[in-house]
Amino acid sequence: MAYWLLKSEPSTYSIDHLKENQVDHWDGVRNYQARNNLQAMRVGELAFFYHSSAEPPGIAGVCRIVREAYPDHTQFDPESTYHDPKATVEKPRWFMPDVGFVRKFDRLIPLSELRQTPGLENMDLLNRSRLSVQKVSDEEWEIINAIAEGR
DNA sequence: GCCAACGTTGGC
DNA sequence: GCCAACGTTGGC
């Protein structure tokens, strides 16, 4: 059982959108390391939903992988901002899982607070800020959930 | 809006 | 295969 962190700009797609839709595909990832993480996700695994380029940026809640990665259709669409002319249906480059809504935290846990929390020093979020799909360790998962639950 | 970090592209 | 130029991300 692995844990993950998925970033999204809430002005484009927030945890409230996922709550409303309940399930959605996680399309638009165009970075190889992020893609590799998407492909490593297994049904039932959990991920933090992170709001980037937000005021403030931070972790908004939790979602669950409900379908393992399959080809991201937006790569084939010339009209899409995610179009990739080098991708073909026979040889897709980009993949997306489906994620389901689990919960929205009572309060968003801001990045500034995560930075000050002991035990999170090695999180990708705090060291590799541009990676949009990250792995989270068991310990980090527990620490952040404890904060979210006010423990 | 600025800019640091860093991933990608393409000429050689 | 190197590396300069360029583009993007995302916090501030």
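Being a predicted model, the structure only gives us computed values, none of them experimental.
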Please determine whether the number of non-hydrogen atoms from other residues, nucleotides or ligands lying under 6.0 Å from atom CG of A:Asp106 exceeds 12.
no

Chain A contact limits on DNA chain C, taken 5' to 3' with a cut-off of 4.0 angstrom to heavy atoms
C:dG7 to C:dC12

Summary of ring-ring contact (aromatic ring centres under 6.0 Å, His included) pairs that have at least one residue in residues 39-64 of chain A, sequence neighbours excluded:
A:Trp26-A:Phe49, A:Phe48-A:Trp141, A:Phe49-A:His51

Pairs meeting criterion ring-ring contact (aromatic ring centres under 6.0 Å, His included) with involvement of residues 119-139 of chain A, two or more places apart
none

Can you list, by residue number, the residues of residues 53-62 of chain A that have a non-hydrogen atom closer than 4.0 angstrom to DNA chain C?
A:Ser53, A:Pro57

Results of salt bridge (Lys or Arg N to Asp or Glu O under 4.0 Å) for A:Glu20 - residues two or more places apart only
none

Which residue pairs pass the ring-ring contact (aromatic ring centres under 6.0 Å, His included) test when at least one of the two sits in residues 74-108 of chain A, sequence neighbours left out?
A:Tyr32-A:Trp94

Output all residues satisfying salt bridge (Lys or Arg N to Asp or Glu O under 4.0 Å) with A:Arg93, sequence neighbours left out; order by chain, then residue number.
A:Asp84

Contacts table for residues 63-71 of chain A: side-chain donor-acceptor under 3.5 angstrom, sequence neighbours left out:
from, atom 1, to, atom 2, distance (Å)
A:Glu68, OE2, A:Val43, N, 3.2
A:Tyr70, OH, A:Asp98, OD1, 2.6
A:Tyr70, OH, A:Asp98, OD2, 3.4

Could you list all the ring-ring contact (aromatic ring centres under 6.0 Å, His included) pairs where at least one residue sits in residues 109-136 of chain A, not counting sequence neighbours?
none

Can you name the residues that form a salt bridge (Lys or Arg N to Asp or Glu O under 4.0 Å) with A:Arg30, not counting sequence neighbours?
A:Asp72

Any residue of residues 77-84 of chain A with a heavy atom less than 4.0 Å from an atom of DNA chain C
none

Who are the salt bridge (Lys or Arg N to Asp or Glu O under 4.0 Å) partners of A:Asp16, not counting sequence neighbours?
A:Lys104

Reckon A:Arg115 touches a base, only the sugar-phosphate, or nothing at all at heavy-atom distances under 4.0 Å?
sugar-phosphate

